[in-house]
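In what follows, a structure is listed as structure tokens, so that the remarks can point back to it.
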Amino acid sequence: MRVVFMGTPDFAVKSLDAVLKAGHEVKGVITQPDRPKGRGKKMLPPPVKERALQLGLPLYQPQSVKDEAFLALLKRLEAEVIVVAAYGRILPQSVLELPLFGCINVHGSLLPQYRGAAPIQRAILNGDKETGVTIMQMAAGMDTGDILLKKAVPIGENDTTGQLFERLAYLGGELLVDALEALAAGRLQREKQNEAEATYAPMLSKTDEIIDWQKPAYILHNQVRGLNPTPGAYTFFNGERLKIWETQVLDDNQNRPAGNVLKADGEGLVISCQEGALKLLTVQPAGKKIMSFKDFVNGVTFDMSSRLGQ
RNA sequence: CGCGGGAUGGAGCAGUUGGUAGCUCGUCGGGCUCAUAACCCGAAGGCCGGAGGUUCAAGUCCUUCUCCCGCAA
């Protein structure tokens with residue numbers, strides 16, 4: 001099929017690759033404009049842009065998807081279908097209706113659950129045992145379109161958002177290709193989303209990153225892996241930020257107050273929680289690189305009053 | 001020029017008002033032990049990120065460069 005691909009982050013790159021590999025004709029790749037990123041204020045191209053350039057595909061970075069110029073561009077590309085994967089912008093009705101087969105989207109959850117910006121992170125934060133990928137026919141509204149294909153994958157106890165992203169991105173590419181094939185053959189069933197079961201996965205906010213030791217250990221464990229590899233969950237130690245990257249849940253907190261350091265030696269760095277305790281495996285003090293609890297403990301002096309959080 | 005922290009033996013850190021570089025872990029060797037990741041003894045391993053400068057003398061002061069990282073976007 002002749003497709004126009006719209007996407008921005010790494011997650012979308014996998015889909016782009018899959019579509020190409022399946023032999024579809026990519027008439028154009030549309031991604032968001034370069035944005036100042038990182039420490040200095042360097043302009044960084046989105047991953048999809050880099051990939052498109054690498055592949056020599058025609059690339060467009062419209063400032064807006066709502067103006068006439070963009071619509072005109074799409075018409076010129078004469079796509080039969082527009083594939084959208086984490087593009088990051090709401091598309092107007094005029095765009096959704098333009099191609100013969102409309103716009104189809106790859107979403108990192110089992111819709112109608114986790115509609116919205118951060119489905120993968122939310123699934124882990126909530127400690128779900130399963131999530132998946134959905135291919136849907138885009139409609140007006142946030143991820144409300146009809147479901148075309150859906151596939152579930154299990155979430156491991158210690159899976160991180162990064163790992164799950166990887167898996168879902170790959171699976172998303174596969175499902176997307178299946179969907180395109182079925183779409184072209186006219187043998188694709190549509191399933192309306194059950195609005196009653198819809199849930200939302202709002203974008204992560206700053207407060208999602210702060211560790212509250214008053215919560216149960218398993219909740220914090222989910223928080224840590226859900227925010228790994230970015231932006232990371234953090235607490236405070238000696239007034240400095242301390243990011244926590246990997247943890248393990250322990251049952252016993254010795255009835256000590258939440259945030260108390262139960263143990264800090266070569267064998268482990270264990271913090272008491274409201275319920276249970278959390279063993280910190282890898283951490284990162286502000287300004288330092290990620291290090292094992294062992295290295296961290298080695299250079300710091302703890303005393304009985306040591307506690308984390310503020 | 002967005003704000004800030006940092007660059008010291010393999011790792012994590014300390015290094016006072018400038019005067020021959022330390023700690024913990026690890027590594028290697030030896031000892032103890034039924035045994036050990038435990039304990040004891042010992043050893044190796046650093047031109048203190050690069051380049052200039054001040055000084056009798058600089059890891060420690062000044063200038064500049066490179067790299068790493070946290071925050072903010």
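The sequence lines fix the lettering, A, B, ..., with proteins before strands; numbering per chain opens at 1.
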Can a donor-acceptor pair be found, under 3.5 Å and without considering hydrogens, that links the side chain of Glu130(A) to the backbone of Val153(A)?
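The answer is no, because no donor-acceptor pair under 3.5 Å joins these two groups.
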Would the distance check show the side chain of Arg225(A) and the main-chain N or O of Glu157(A) forming a donor-acceptor pair, the cut-off being under 3.5 Å?
yes
With [atom1] as the reference atom in both, quote the distance from [N] to [M] in angstrom, rounded to an integer.
N: U64(B); M: C3(B); atom1: P; value: 15 Å
N: G10(B); M: G45(B); atom1: C1'; value: 9 Å
N: G70(B); M: U24(B); atom1: C1'; value: 25 Å
N: G30(B); M: A37(B); atom1: P; value: 13 Å
N: U63(B); M: C69(B); atom1: P; value: 26 Å
N: A14(B); M: U54(B); atom1: P; value: 31 Å

Under 4.0 Å from any atom of RNA chain B, heavy atoms only: list the residues of residues 286-294 of chain A that qualify, in numerical order.
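Contacts with RNA chain B under 4.0 Å: Ala286(A), Gly287(A), Lys288(A), Lys289(A), Met291(A).
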What pairs with Arg115(A) under salt bridge (charged side-chain N to carboxylate O under 4.0 Å, His left out), at least two apart in sequence or on another chain?
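Salt bridge (charged side-chain N to carboxylate O under 4.0 Å, His left out) list for Arg115(A), sorted by chain: Glu195(A).
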Sequence neighbours excluded, which residues qualify as side chain to side chain contact (heavy atoms under 4.5 Å, CB included) partners of Lys288(A)?
Pro285(A), Met291(A)
Once side chain to side chain contact (heavy atoms under 4.5 Å, CB included) is applied, do any residues pair with Ala217(A), and if so which ones, sequence neighbours excluded?
Val249(A), Cys273(A), Leu278(A)
Apart from Ile290(A) itself, what residues make up its hydrophobic cluster when side-chain heavy atoms of I, L, V, M, F, W and Y under 4.5 Å apart count as a link, directly or indirectly?
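Reading the cluster by chain and number, Ile290(A) sits alongside Trp245(A).
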Please go through Leu250(A)'s hydrophobic cluster and name the other residues, only I, L, V, M, F, W, Y counting, with side-chain heavy atoms under 4.5 Å joining them.
Leu262(A), Val270(A)
Annotated structure of RNA chain B as dot-bracket, pair cut-off 3.5 Å, Watson-Crick or G-U only, | for inter-strand, is .((((((..((((.....[..)))).(((((.......))))).....(((((..]....)))))))))))..
NZ-CD distance between Lys243(A) and Glu209(A), expressed to the nearest 0.5 angstrom
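Atom-to-atom, Lys243(A):NZ and Glu209(A):CD are 7.0 Å apart.
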Please write out the pairs of protein N or O atoms and N or O atoms of nucleotides 35-41 of chain B separated by less than 3.5 Å, giving the distance to one decimal.
none

I'd like to check the side-chain hydrogen bond (donor to acceptor under 3.5 Å, both in side chains) partners of Gln54(A); sequence neighbours left out, ordered by chain and number.
Arg51(A)
Lys243(A) side-chain N/O to C69(B) phosphate OP1/OP2 under 4.0 Å
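No.
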So, is Gln284(A) close to the G70(B) phosphate, meaning a side-chain N or O under 4.0 Å from OP1 or OP2?
yes
Please tell me whether Val300(A) and Leu280(A) are part of a single hydrophobic cluster in this structure, the criterion being side-chain heavy atoms less than 4.5 Å apart.
yes
Could you tell me if Arg241(A) sits above the aromatic ring of Tyr234(A), with its cationic atom closer than 6.0 Å to the ring centre and no more than 45 degrees from the axis?
yes
Indicate, yes or no, whether a donor-acceptor pair under 3.5 Å links the base of G70(B) to the side chain of Arg39(A).
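Flag set: donor-acceptor pair detected.
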If you check every side-chain atom of Lys206(A), which of A11(B), G4(B), A72(B) has the closest atom?
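The answer is A72(B).
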Any pair counted as side chain to side chain donor-acceptor pair (under 3.5 Å), so long as it reaches residues 74-90 of chain A, sequence neighbours left out
none
Protein N or O to nucleotides 65-67 of chain B N or O, pairs below 3.5 Å:
none

Identify, with sequence neighbours excluded, every residue that meets ring-ring contact (aromatic ring centres under 6.0 Å, His included) alongside Tyr200(A).
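By the ring-ring contact (aromatic ring centres under 6.0 Å, His included) rule, Tyr200(A) matches no residue at all.
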Mind running salt bridge (charged side-chain N to carboxylate O under 4.0 Å, His left out) on Lys289(A) and Asp295(A) for me, showing each step along the way?
CA-CA 11 Å; Lys289(A) 291 185 179 177; Asp295(A) 288 334; over 6 Å; no
